[in-house]
Structures are given as structure tokens and as C-alpha cells.
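Below: one structure, written as C-alpha cells.
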There are 2 protein chains.
Amino acid sequence: MATLNRPGADDGHICGIDTAMEVIGGKWKVLILWALHEQPHRRFGELRRLVPGITEKVLASHLREMEADGVVDRVSYEEVPPRVEYALTKDGIRLNDALEPLAAWGRERVSGP
Amino acid sequence: MATLNRPGADDGHICGIDTAMEVIGGKWKVLILWALHEQPHRRFGELRRLVPGITEKVLASHLREMEADGVVDRVSYEEVPPRVEYALTKDGIRLNDALEPLAAWGRERVSGP
DNA sequence: CTGCATCCGTTATGATACTG
DNA sequence: CAGTATCATAACGGATGCAG
């Protein structure tokens, strides 16, 4: 290959990582993925508590993006009070699995080799 | 565990991924890593060509950050004209390896399952 | 050749208040 | 409960010019 390529170029993804980076690019997305990985069918309020520091606005927009990216499923139950549940899609689960080695790297880095 | 945690919190990194995300958080860092993985001891100008679209300022600042994070080694030869070479550290190599499953995920996503 | 300084626009993230 | 609207700020990236 002559050069590496940016997202959006014809091929764009010689190493494929940029594709993934676009999906997990939000500041809190990996934590959301992680929370949904531990237990599927989390409600909005649960996620808000599980990811301390995140605002409702950012949580909502991240969830919408992840839904659009096909890694998260959103199920809205038409009841009162409202109930909405989020879960990983199959692709989201695979994404989370692919993140595990990275998590291991981070853990080693914190605790030392 | 009660909650997930942000970087900087006491534990901070229950899943360890946020640690890694901080290191690869720059827009072009994974591409720089990739370029250095293919062949160590790249020069500044080489990297600029290998990562089309990146500006000198951003390349320089990314390299400095990655050096501070201990994933890149910088070797400056005191000659004229100046020559500076960059290479992955051991930790950088392991990081790149940890990125591979993510790259695979991205590749599948582009080409279809 | 390497790469820092400055200015500047865009995007991402945050705080707060409000609605169905 | 599950969001949306609005306003404000910060972080990031890009363009250009200059220096060792």
C-alpha cells in the first residue's frame, strides 16, 4: 500500500480500526457498552446512574448514535410511567468482545507489568 | 460493583478500556500506531506522508502525547539537516496488538458478515 | 527537515430548566 | 421516567507563518 487512509476515503479502512473508532468515539460510549454487556436491558435511568458524570443530554445522544450504528437496540414500552430498555445487538456484543484485549492492556498499564 | 467509573476516579478503570481510550483518543493516533507497526523508525516527514490529511501541528502534538504516554520512542539525531525517528515502544507494540480484534471487527463491518 | 506559535472554526461535551 | 431545548464552554483539529 502506498499510504494509510482516512475514514471516508474509497477504501478508507486499511486497518479497520478507524471504522471501530468512529463507533466508540464518544467520550462515554465504551462505558455504556460495558454497562450493557454486564447486564442487557438496562433502562435509561439505570445507565445514568451506572455512568456517573454523564449528563442526560449526552447519554441520550450517545445512545441514539449507537442505535444508528447498530450496536444498541432500543425497546420502548408504551406504558405509564414510560419505560425504555437498551440492550446490545449481536454486533454490539462482538464489539465489546473485541474491546477486551484493549481493556486488558489498560488494566496492565494501571497495575504495572 | 456499584457503578462504572470515569477516568481519574479512585478505581477509575473497572473495564480498563477508558485507560486505553485516553491513549488512542486522538483522531489520527491509531493510524500513526499502525504506520509505526508496519515499520519502526519512521521519520517525521514519512509519517506526514503516510497519514494523508494530517497537519504538521497535529502530527507533532500527537507524537508528543504518545511519547508521554510511553507508547512511542523519539530519537533525535543531532545533525543537519535534522533527523528524528519514531518507533513503537514495547508497550506501543502490545497496544497495537490489542487493537487488532477491533480492527477485525471494523473490517467485518465494512465487508459484511 | 523538523516542528513550534498563533489565530480560528467546528465539534463535543456540560449545566440547567422544562415537557409528555 | 425518559427524554428535549437552550445556552455556554471546552477540546480538538486546521491554516498559516516562522525558527533552529
Side-chain angles (χ1 to χ4, degrees), chain A residues 4-9 12 18 20-33 35-36 39-69 72-87, chain B residues 4-9 17-18 21-33 35-36 40-69 72-87:
Chain A
L4 266 43
N5 291 276
R6 293 203 300 292
D18 18 23
M21 290 302 294
E22 286 168 16
V23 175
I24 60 175
K27 182 173 176 182
W28 310 90
K29 285 187 184 173
V30 295
L31 294 178
I32 296 172
L33 281 173
L36 291 174
Q39 179 188 316
H41 305 291
R42 297 282 199 184
R43 302 183 57 172
F44 187 89
E46 277 184 294
L47 289 173
R48 194 173 37 177
R49 281 189 301 278
L50 287 168
V51 186
I54 196 170
T55 62
E56 297 173 345
K57 174 194 166 181
V58 172
L59 176 57
S61 80
H62 277 191
L63 284 170
R64 274 189 271 109
E65 287 171 16
M66 292 165 80
E67 193 190 354
D69 283 331
V72 162
D73 252 341
R74 185 197 126 114
V75 180
S76 174
Y77 299 85
E78 296 302 335
E79 351 172 305
V80 287
R83 181 161 61 102
V84 180
E85 290 187 350
Y86 296 90
Chain B
L4 265 42
N5 291 276
R6 294 203 298 295
I17 295 180
D18 19 24
M21 289 303 293
E22 285 168 17
V23 175
I24 60 176
K27 183 173 177 182
W28 310 89
K29 286 187 183 174
V30 294
L31 294 177
I32 296 172
L33 281 173
L36 291 174
H41 303 293
R42 297 282 200 184
R43 299 185 58 176
F44 188 88
E46 277 184 295
L47 289 172
R48 194 171 40 175
R49 282 190 299 279
L50 287 168
V51 185
I54 196 171
T55 62
E56 296 172 347
K57 171 196 167 181
V58 173
L59 176 56
S61 79
H62 278 192
L63 284 170
R64 273 189 274 110
E65 288 171 17
M66 293 165 78
E67 191 189 356
D69 284 329
V72 163
D73 253 342
R74 185 197 129 116
V75 181
S76 174
Y77 300 84
E78 296 301 335
E79 355 173 298
V80 286
R83 180 162 61 104
V84 181
E85 291 187 349
Y86 297 91

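Quantities reported herein were computed from a predicted structural model and do not represent experimental measurements. These values consider heavy atoms only, across backbone and side chains, with no hydrogens, waters or symmetry-generated copies. Residue numbers begin at 1 in each chain, while the letters A, B, ... track the order of the sequences.
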Here the distance between atom C1' of D:dA2 and atom NE2 of A:H41, to the nearest Å, is 18 Å
With a cut-off of under 6.0 Å to the ring centre and 45° to the axis, is A:R42 in cation-pi contact with A:Y86? no
Quick one: list whatever passes salt bridge (Lys or Arg N to Asp or Glu O under 4.0 Å) with A:E78, sequence neighbours left out. none
Using a heavy-atom cut-off of under 4.0 Å over every strand shown, decide if A:Y77 touches base, sugar-phosphate, or nothing. nothing
Could you run through nucleotides 13-20 of chain D and give me one letter per nucleotide, 5' to 3': B if any protein heavy atom sits under 4.0 Å from the base, S if only the sugar-phosphate is that close, - if neither? BBB----B
Quick one: A:E22 CD to C:dA12 P, roughly how many Å, whole number? 11 Å
Tell me the interatomic distance from B:E67, atom CD, to C:dG3, atom C1', rounded to whole angstroms. 13 Å
Separation of C:dC4 atom P from B:L59 atom CG, nearest Å, is 10 Å
Please walk me through it: do A:I54 and A:L47 pass side-chain contact (heavy atoms from CB on, under 4.5 Å)? CA-CA 9 Å; A:I54 196 170; A:L47 289 173; over 6 Å; no
B:E85 CD to C:dC1 C1': how many Å, rounded? 13 Å
Going by an N to O cut-off under 4.0 Å, is there a salt bridge joining A:E56 and A:R48? yes
Between C:dT2 (P) and B:E79 (CD): distance, integer Å: 11 Å
Do B:K29 and B:E65 meet the salt-bridge criterion of a basic N to acidic O distance under 4.0 Å? yes
From the candidates D:dC1, D:dT4, D:dG3, the one with an atom nearest any side-chain atom of A:R64 is D:dT4
note: A:E46, atom CD; D:dC1, atom P; distance rounded to Å ~ 11 Å
Can you name the nearest heavy-atom pair linking B:L59 to B:F44, along with the distance? CD2-O, 3.8 Å
Give the angle between the helix axes at the two ends of the helix from C:dC1-D:dG20 to C:dG20-D:dC1, taking five base pairs at each end and rounding to 10°. 50°
Measuring only between side-chain heavy atoms, which start at C-beta, is A:L63 closer than 4.5 Å to A:I32? yes
Think A:Y86 has a side-chain N or O under 4.0 angstrom from the OP1 or OP2 of D:dG3? yes
note: A:M21, atom CE; C:dA12, atom P; distance rounded to Å ~ 13 Å
Taking C-beta and beyond as the side chain, do B:M66 and B:V23 meet within less than 4.5 Å on heavy atoms? no
Is there a donor-acceptor pair closer than 3.5 Å between any side-chain N or O of A:E46 and the backbone N or O of A:R43? yes
Categorize B:R43 for me: base, sugar-phosphate, or nothing, with a 4.0 angstrom heavy-atom threshold over every strand shown. sugar-phosphate
